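Let me begin by presenting the structure, written as structure tokens, before commenting on it.
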Amino acid sequence: ILLGCSKNAHIYLPQSQGYYPITAKIYTENNQIIMEYDTEYAQVKGMKILKHKVGDQDKRKLGFITLEFNQQKLSKPS
């Protein structure tokens with residue numbers, strides 16, 4: 001999932017509020033949800049850690065958008 005002001009972003013964040021075309025991306029890696037910020041955006045914001053594991057029920061606020069993450073464990077059919 002792409003976040004930013006690009007027309008390709010899945011979640012729009014306004015450029016007028018300082019968001020980059022691709023501000024961050026959310027993806028899964030080894031059954032973990034990862035939120036990774038764009039290098040240039042993070043540098044401007046003074047962020048030192050770009051890649052964050054997101055846990056169940058975690059919330060992230062970006063401008064007027066609040067993202068809430070819910071993970072479901074899928075059980076194997078018996």
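Just so we're clear, the structure is a prediction, and the values are computed from it rather than from any experiment.
Other residues, nucleotides and ligands place no more than 12 heavy atoms under 6.0 Å from the CG atom of Asn31.
With contacts defined as side-chain heavy-atom distances shorter than 4.5 Å, the pair Glu29/Lys51 qualifies. In this structure, the side chains of Gln57 and Asn70 come closer than 4.5 Å at one or more pairs of heavy atoms. Contact of the Ile26 side chain with the Ile34 side chain is not registered, since no non-hydrogen atoms from C-beta on lie closer than 4.5 Å. Two residues are said to be in side-chain contact when any heavy atoms from C-beta on lie closer than 4.5 Å; Ile11 and Leu67 meet this criterion.
Remark: side-chain polar atoms of Asn30 are not paired, donor with acceptor, to backbone N or O of Gln32 under 3.5 angstrom. At least one donor-acceptor pair under 3.5 Å links the side chain of Lys61 to the backbone N or O of Gly63.
Relative ring orientation between Tyr41 and Tyr19 is described as parallel, the plane-to-plane angle staying below 30° on a 0-90° scale split at 30° and 60°.
Both Ile65 and Phe69 belong to a common hydrophobic cluster when Ile, Leu, Val, Met, Phe, Trp and Tyr are linked at side-chain heavy-atom distances under 4.5 angstrom. Cluster annotation: Tyr12 and Leu62 are assigned to distinct hydrophobic clusters (Ile/Leu/Val/Met/Phe/Trp/Tyr, side-chain heavy-atom contacts under 4.5 Å, transitive).
Every side chain to side chain contact (heavy atoms under 4.5 Å, CB included) that Leu50 has, sequence neighbours left out, goes to Thr39, Ala42. Checked against salt bridge (Lys or Arg N to Asp or Glu O under 4.0 Å), Lys45 has no partners two or more places apart in sequence or in another chain.
Distance check, rounded to the nearest 0.5 Å: CD of Glu36 to NZ of Lys53 gives 13.5 Å.
Results of the side-chain contact (heavy atoms from CB on, under 4.5 Å) test with Val54 over Lys59, Met35, Glu68 single out Met35 as the only residue that passes.
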